[in-house]
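Computation of the quantities below employed the complete heavy-atom set of this structure, encompassing side-chain atoms and omitting hydrogens, waters and symmetry-equivalent molecules. Proteins get letters first, then strands, A, B, ... in listed order; numbering begins at 1 in each.
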Amino acid sequence: MALDLHAMEEKWQKAWEKDKTYKFDAKSKKPTYSIDTPPPTVSGVMHMGHAFAFTQQDFIARYKRMQGFEVFQPFGFDNNGLATALMVEKKLKIRQSDYSREEFIKLVLEHTREQEKLMEERFREIGLSVDWTLIYRTIDKLARKTAQYSFLDLHKKDRLYQKEAPTMWCPKCGTAVAQAELEGRDIDSTFNDIVFKTEDGKDVVIATTRPELLPSCVAVFVNPKDKRYKHLVGKNLTVPLFEMKVPVIADPRADPEKGTGIVMCCTFGDQTDMEWYFAHSLPMVISISQHGKMTEKAGKYAGLSIKNARREITKDLKEAGLLVKQQPITHTVNVHERCKTEMEILHTKQWFVRYLDLKDEYIAKGEALQWIPKHMKSRYNNWINGLQWDWCISRQRFYGVPFPVWYCKKCRKPKLASEKELPVDPIKDKPKGKCECGGTEFEPENDTFDTWFTSSLTPQINGKWVEDKKFFKKIFPMDLRPQGHDIIALWAFNTIVKSLFHQQQLPWKTITINGWALDSKGKKMSKSLGNVIEPRKMIEKYSADVLRYWAGLPTLGEDVPFQEKELVAGKKFVTKVYNAARFVSSACEGLGKVSESKLKLWPEDKWILSRLNSVKKESTEAMESYEFSKCLNPVRNFFWLEFADYYIEEVKHRIYGENKESKKAAQFVLRKVLWETNLLLAPFLPHIAEEIAHGMFKNLLKEKSIHLEHWPKIEEEMINPKAEELGKAIAEIISAMRKQKSQAGRPLNTVVKKAVVTVPEPEKLKCAEETIKQTMKVESLEFKKGDTISVETKLAE
RNA sequence: GGGUCCGUGGUCUAGUGGUAUGACGCGACCCUUACAAGGUCGAGGUCGGCGGUUCAAUUCCGCCCGGGCCCACCA
C-alpha cells in the first residue's frame, strides 16, 4: 500500500489549522517559549533558504512545545524599506510621489497583502507550527507606532541628536545611509598622476582615482617621515585647472607607499579626508550635490554627473599636459547595499542615535547572550569594534515610517508628537499644542526612519510593548532569535541596542544563527546564475517532510549545498518509517494496556530498550543545545539500522509464534520503540508522525495531536551496557550469517542446517541461542570460544 | 590586512587522543508474509600539506595551501 504523501500532508495541515493546534494561548499556565521570528521580505516567493531556516526554527519550536512550553511562534512580513517600495511601484506601475505617504503605505499594505498570501501558502506547505493568527508586518500600524514610540523613548533617554555632519550618502537613492548598509565592492578604476605646482613653479605629481574631486581639494598630505616631500611641508601647492592654493601638511595617515606618496585631501573623498578635515580644521568645499551632480564649486563642470565630471576633468588635464600617467587599478569601494551605487560622504543634517559610547556594554551583553553556534559571537564583536559612526536613522525617503517630528517655524526647534497620538504622519497630521517659544506654526519632518530602526523592534512589536504591558511581560525577553549570519551587524546588533535602551536588558536569551542554502556546487542561489531551486518544486517532487529532513541534517550555522540526493534519502527514510510503523501496528493488533513488570524480556528486548533510552538521552541533550542534527541523525540510525534491520527481524518469530508470553513482550517493545521514536521524529517529520499516530496508534494518543504530546522521558534504569553489548554481538552474528547466505547467492530465508559461532564468551550468548536460531532459520547452533566473532554455516540445499 | 569557520572514500556528511559514521552513487546476490520507491552483502578513504607534543593524532599545537563568510582597505 503506497501512501500518498502529498494528500496526507495536506490533510494534516488542514487539521492543524482547524484544531488550532499551534495557537498561542496567552492565558496558558505553561511557561512561555517565545520566538522572535524573522520577517521575510515580501516578494511572493519562498526561497530554499527560507525553507531551510524556518524549518530549523520550527524544529526548536516543536521540540519546546513537546517539552511542555506554550510556544509563541508568530510570523512576520517585512514590507518596509526600499525593496518593497520599488517592488510595489513596479508591479502597480505607479510612482510613489503621486501619492501622499499615508496613501502609499496603505497601497503597499493592500498590495503586499496579496504577496503575503502567496508566501503564507508556501510557508504553510513546509508544515511550520506557526500560529498564523500572529502575523506582523514591519510597516503596519503597530510597527509604525512602536517605532515612533521607540524614537520618543530614545529622545527621553537623551540618546538622539540631530546634527549637520559628514554622513554616508547614496547619491542615487538621494538619502543618508548607515554604516551597516555599506558593502565593499571591487571596482575597476584608474590611477591618475596629476601635476600640482609649487609656488616656484615646480611639478608635484599626485595620484588620485577621483580627479572630479579636484574642486574640493583643501589640502595635500605627506607622511612626516617621507624625506622626498619634507621640503614641501608648510608650503602651498596650486590645484590644477582650479588654480586655488592649498597647504601641504604632514600627517602619519598619509601612506608613503601608496600612489606617489603624496595625497590630496578633498571634502570628502573618503573617511581619511573626513578625519583630516576635523584634525586640521580644514575648510569644507562641497562639489557633489545630494543627487550626485557637481555643484557650482566645480565651476564649468557644475551640473555634470560624477562620472561625466571625472571624464571631462581628466580630458582637460590631459590637454593641459597636467596628466602625466594613467594606470588601471581595481580597488574596493563602499557601495550602497541596495542599489550598488558608490557612496559619497556629504555634509547633511540627519538624526542620529548616540551609541558609540556604549561599545563595551554591547560586547559585555553579547557575552551574556547564548550564541549558537558560539563562534558567531565574534562577528558581533568584530562589528562593534569596527563601529565608527553613530547610527544615522534618518532617510531622505518617502516610503517608510515617518519621524514623529515637526519643526517650529519661529524658532526651528523640533516638536515631538505625544505618545497618545502615535502613529502620526507629520506631513498630514498637525502637532498638538504650542512650541516652547510660543510658536504655533510648524513644518513637518519629511524624513523616514532607517528600516532597521523599525525591524530592530520585532520583540517589542510582537510583544505589544506599546499596547499591552502585561502581554509584553509574558513575551519579553524572548527566548529565541533565529536569524541568518548575514545580518548580525544589522538586525541582531540593532535589536540588542534597542532593547538595552528601552528595556535595559537583552531582547532574547538565545540567538541561533542559521547558514545558507547554497546550490549543489556551493554557490549562492541567485536568479542571475539561474541556479535557484524553489522549495515548492521539491515538495511537489518529494514532500514537505522530506524537505524538512534535509534541513535537519546539517549542523546549525553551516551553509549547506542543496543536494537533491539527500531528498532521495529522506524520502526513503519517510517510507521506511511508515512501513515499519505499519508492521508494528499490525503486529500489535489487539494489544491493550500492558503491565510492564509482568513481562518477560528477551535479550533483544533489553538491548533495544536500552538503546532506545540511550538514543532518547542523546537526542534530548542535542535538542536542549539546539543541535537538532545530533538528534535527527542518531534517531534515524537507531530506527533504521538497529530497530528495523535487526530488532524487527529478531522478533518476527515471536510475533508469528504460538507462545503468548513471548509474543506479548515483543509486541510491547515494538510498540514502545515505534511510538517513542515517532515522538522523537515528530519535530522533523510532523506530517508522517501525525499520520502514524492517528492512523495506527490512536489509543496511545493523549492529546488531539502528536505535536501536543510530551517528549519521551528518559528511563535511566533501562540503559544497560551489558544488554547493549549482547545485542550488538547478536546483530554481528546475524550479519555474518546473512553474509554467508548472500555470498552463496541464496535467499535470506534459506535454512541453515548447522552453524558454528565462535565468540570470545560463548556462555554469555547462550541466552540468545533461540533468537539467532529463529531469526536466521538455524537448525543446529553451536558456540565455540575464540578471540573474535566468526560464523561457519552449512546451508540447506 | 584583521577575524572566523571549513577542507574526511566518486559526491555529501558524522565523529573521536588509539587508522573512521551514515547517506547517495557503484557492484553482486535475493521477489524473506512491513517495505522491490525494498532487503542482504560488497568494493571504495595515507581523515588538505608539512612540522611539533604524545607510547599513540584524522582528532591537540604551530606553519603552509585551498575554500567560504564577516570586517577593514577608497590617495
Checklist outcome for this item: From OH of A/Tyr380 across to C1' of B/C70 the rounded distance in Å is 15 Å
Item to check | side-chain hydrogen bond (donor to acceptor under 3.5 Å, both in side chains) partners of residues 742-751 of chain A, not counting sequence neighbours, each pair once | outcome: none
Item to check | C1'-based separation of B/G2 from B/A56 [nearest Å] | outcome: 37 Å
Checklist entry - Between atom CG in A/Leu795 and atom P in B/C29, what is the gap in whole Å? => result 17 Å
Item to check | Cation over ring face, A/Lys572 and A/Tyr549, 6.0 Å, 45° | outcome: no
Checklist entry - Looking at B/C35, B/A72, B/C70, which one has an atom nearest to any side-chain atom of A/Asn382? => result B/C70
Checklist entry - For A/Phe628, is the NZ or CZ atom of A/Arg548 found under 6.0 angstrom from the centre of its six-membered ring and inside 45 degrees of the ring axis? => result no
Checklist entry - Starting at the 5' end of RNA chain B and moving along, which residue's nearest nucleotide shows up first, A/Pro747 or A/Ser378? => result A/Ser378
Checklist entry - Which whole-number value in Å describes the distance from A/Arg738 CZ to B/G42 P? => result 12 Å
Next on the checklist: Between B/G18 and B/C61, how many Å separate the two P atoms, rounded to a whole number?
Outcome noted: 15 Å
Next on the checklist: Using a heavy-atom cut-off of 4.0 Å across all strands, would you classify A/Ala569 as base, sugar-phosphate, or nothing?
Outcome noted: sugar-phosphate
Checklist entry - If the C1' atom of B/G15 is compared with that of B/U58, how far apart are they to the nearest Å? => result 10 Å
Item to check | C1' spacing across the pair B/U32 / B/U46, given as an integer number of angstrom | outcome: 41 Å
Checklist entry - If we take the C1' atom in both B/C47 and B/U8, what is their distance in whole Å? => result 4 Å
Checklist entry - Do A/Val752 and A/Lys741 have side chains that get closer than 4.5 Å, going by heavy atoms? => result yes
Checklist entry - Of the nucleotides B/G42, B/A72, B/A23, which one has an atom closest to the side chain of A/Gln179? => result B/A72
N/O-N/O pairs, protein side and nucleotides 8-18 of chain B side, under 3.5 Å:
from: B/U11; atom 1: O2'; to: A/Lys565; atom 2: NZ; distance (Å): 3.2
from: B/U11; atom 1: O2; to: A/Lys565; atom 2: NZ; distance (Å): 2.3
from: B/C12; atom 1: O2'; to: A/Glu566; atom 2: OE2; distance (Å): 2.8
from: B/A14; atom 1: OP1; to: A/Thr555; atom 2: OG1; distance (Å): 3.2
from: B/G15; atom 1: OP1; to: A/Lys630; atom 2: NZ; distance (Å): 3.4

Item to check | Pairwise C1' distance for B/C26 and B/C64, with rounding to whole Å | outcome: 36 Å
Item to check | Closest-nucleotide 5' rank along RNA chain B - winner of A/Gly184 and A/Met376 | outcome: A/Met376
Checklist entry - Which listed nucleotide (B/U21, B/G38, B/C73) is nearest to the side chain of A/Asn637? => result B/U21
Checklist entry - Does the ring centre of A/Trp550 sit less than 6.0 Å away from the ring centre of A/Tyr542? => result no
Next on the checklist: Rounding to an integer number of angstrom, what distance separates B/G9 and B/G49 when you compare their P atoms?
Outcome noted: 10 Å
Checklist entry - Expressed in angstrom and rounded to an integer, what is the separation of A/Lys576 atom NZ from B/G38 atom P? => result 9 Å
Item to check | Rounded distance (Å) that lies between atom P of B/A37 and atom CG of A/Asn579 | outcome: 11 Å
Next on the checklist: Taking the C1' atom in each of B/C50 and B/C65, what is the distance between them to the nearest angstrom?
Outcome noted: 10 Å
Next on the checklist: Under 6.0 Å between ring centres: does that hold for A/Phe684 and A/Phe59?
Outcome noted: yes
Next on the checklist: Please confirm whether the ring centroid of A/Phe493 lies under 6.0 Å from the ring centroid of A/Tyr355.
Outcome noted: yes
Checklist entry - Looking at residues at least two apart in the chain, or sitting in another chain, which of them share a salt bridge (Lys or Arg N to Asp or Glu O under 4.0 Å) with A/Glu691? => result A/Lys11
